[in-house]
Amino acid sequence: MDYEKLGQEATARIAGADSLDMLETLRVEFLGKQGSVSALLKTLGGMSPDERKETGPKIHGLRETVSDALASRKADLEAAAMEARLASETVDLSLPAPEQAAGTVHPVSQVMDELAEIFADLGFSVATGPEVEDDWHNFTALNMPESHPARAMHDTFYFGEDRVAPNGGRMLLRTHTSPVQVRTMLERGAPLRIIAPGRVYRSDSDATHTPMFHQVEGLVIDRDIHLGHLKWTLETFLKAFFEREDIVLRLRPSYFPFTEPSVEVDVGFAVETGPDGKARRVLGGSGDEPGHAWMELLGSGMVNARVIEFAGLDRAEWQGFAFGVGVDRLAMLKYGMDDLRAFFDGDVRWLRHYGFSAFDQPTLSGGVGARA
Ligand code: DAH
């Protein structure tokens, strides 16, 4: 058999394929399980050793010729497809703007506006801090000295050793919004009522973790503040946020270096079937009721006296409470998204579906979750 001729014929046909579909059909014809070249390879088993020595390299050579031709045609067709796409997807910036505004407000921005609105009504202002932080504000001043094991749990992104903070510490991407507590106490002193929403970073990535996500920190510093104030504030906030009176919280003892005592807050929920037929968690009711369970929602506690000291305040005079909660998580629970990664994909179909109209400003009187 003239394997060389077979190779030339196959190569010519492959070179003539004008679509990826057609190329795939040829691949199957030659190299698929039932393909002609595969069939030739199978004949090797029935040959005498001498025959195989002579024919084997030719058949293998044929297979290589065919697969090389397939790969190179595939690369050409893909490059052409990309060229065509680039040519057809140009944006003509000289065209007039569409009558209907096309953009939507991202759910994270919407939820942050909702939080600001709810907490403004409780006398809280919005504070911010840098995302590029230093070791001292992110850890040390929050009662996590150099060797503290909690540091290891933060999967921190550090900058190189060559970047040093003015206070001598290492630079990093803040792992939580808690350093804003320290910065705001240092800048504004006490008493204080703030929330601090913003981006935080951790080296972690799967369906429920992204390397960048959002938190909101809450901090109250005053005289005679106690756990009862914390519980009332969280309850009032969550009822307003989820627009349900039947939100029930459970406070569990926990540990955070920057609070003492520390409490983890659980919220009762039930599983219901949504309009799309998918099961989803709906907050409300006690987790101990039949058909309900508890879900961990946020961390909080009374601000550790050492943190108050680090932040330059007199620990004998001032105390307070703090809490921290994931904003993306709040958005998912309220608006029923199930994959955190979609928040940061920038897919316009997702944004159109879950985004908000720029005119749908959250207000306490109009409803903080109302969809236009
Ligand atoms: N900073 C914590 C974290 O990112 C969350 C947190 C817990 C914040 C307790 C607080 C707090 O203010 O009191 O895991």
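Just so you know, ligand 1 is whichever comes first in the structure, and atom 1 is the first atom listed for that ligand. Atoms considered below: every heavy atom in the structure, side chains included; atoms not considered: hydrogens, waters and symmetry mates.
Looking at Asp134 and Arg170, no side-chain N of the basic residue comes within less than 4.0 Å of a carboxylate O on the acidic one, giving no salt bridge. Look at Lys5 and Glu9 and you find a salt bridge, because one of the NZ, NE, NH1 or NH2 atoms lies within 4.0 Å of a carboxylate O, short of that distance. Ionic pairing of Glu260 and Arg306 is not present here: no N-O contact between side-chain nitrogen and carboxylate oxygen is shorter than 4.0 angstrom.
Close approach of ligand 1 to Gln215 (heavy-atom distance below 4.0 Å) involves ligand atoms 3 (C), 4 (O). Taking a cut-off of under 4.0 Å to the non-hydrogen atoms of Thr259, the atoms of ligand 1 that pass are 13 (O). Numbered from 1 in the order shown, with element, the atoms of ligand 1 that lie under 4.0 Å from a heavy atom of Ser178 read 1 (N), 8 (C). Atoms of ligand 1 lying under 4.0 Å from at least one heavy atom of Ala322, given by number and element, are 12 (O), 13 (O). Numbered from 1 in the order shown, with element, the atoms of ligand 1 that lie under 4.0 Å from a heavy atom of Arg202 read 3 (C), 4 (O), 14 (O). The atoms of ligand 1 that sit less than 4.0 Å from any heavy atom of Gly301 are 13 (O).
Atom CZ of Arg199 is surrounded by 12 or fewer heavy atoms from other residues, nucleotides or ligands within 6.0 Å. Around atom NZ of Lys74, no more than 12 heavy atoms belonging to other residues, nucleotides or ligands sit under 6.0 Å away. Remark: Asp92 CG is packed, more than 12 non-hydrogen atoms of other residues, nucleotides or ligands lying under 6.0 Å away.
Between the side chains of Thr175 and Asn138, a donor-acceptor pair is found at a separation under 3.5 Å.
Of all protein heavy atoms, the one closest to atom 5 (C) of ligand 1 is Gly324 CA, 4.2 Å. Nearest protein heavy-atom neighbour of atom 12 (O) of ligand 1: Glu217 OE2, 2.6 Å.
Polar contact with ligand 1: absent for Thr175 (N/O pair, distance under 3.5 Å). Polar contact with ligand 1: absent for Phe258 (N/O pair, distance under 3.5 Å). Between Gln181 and ligand 1, at least one pair of N/O atoms sits closer than 3.5 Å. For His154, no nitrogen or oxygen atom sits less than 3.5 Å from a nitrogen or oxygen atom of ligand 1, counting backbone and side chain alike.
The side-chain tip of Arg244 does not point at the ring of Phe242 from less than 6.0 angstrom away and within 45° of straight on.
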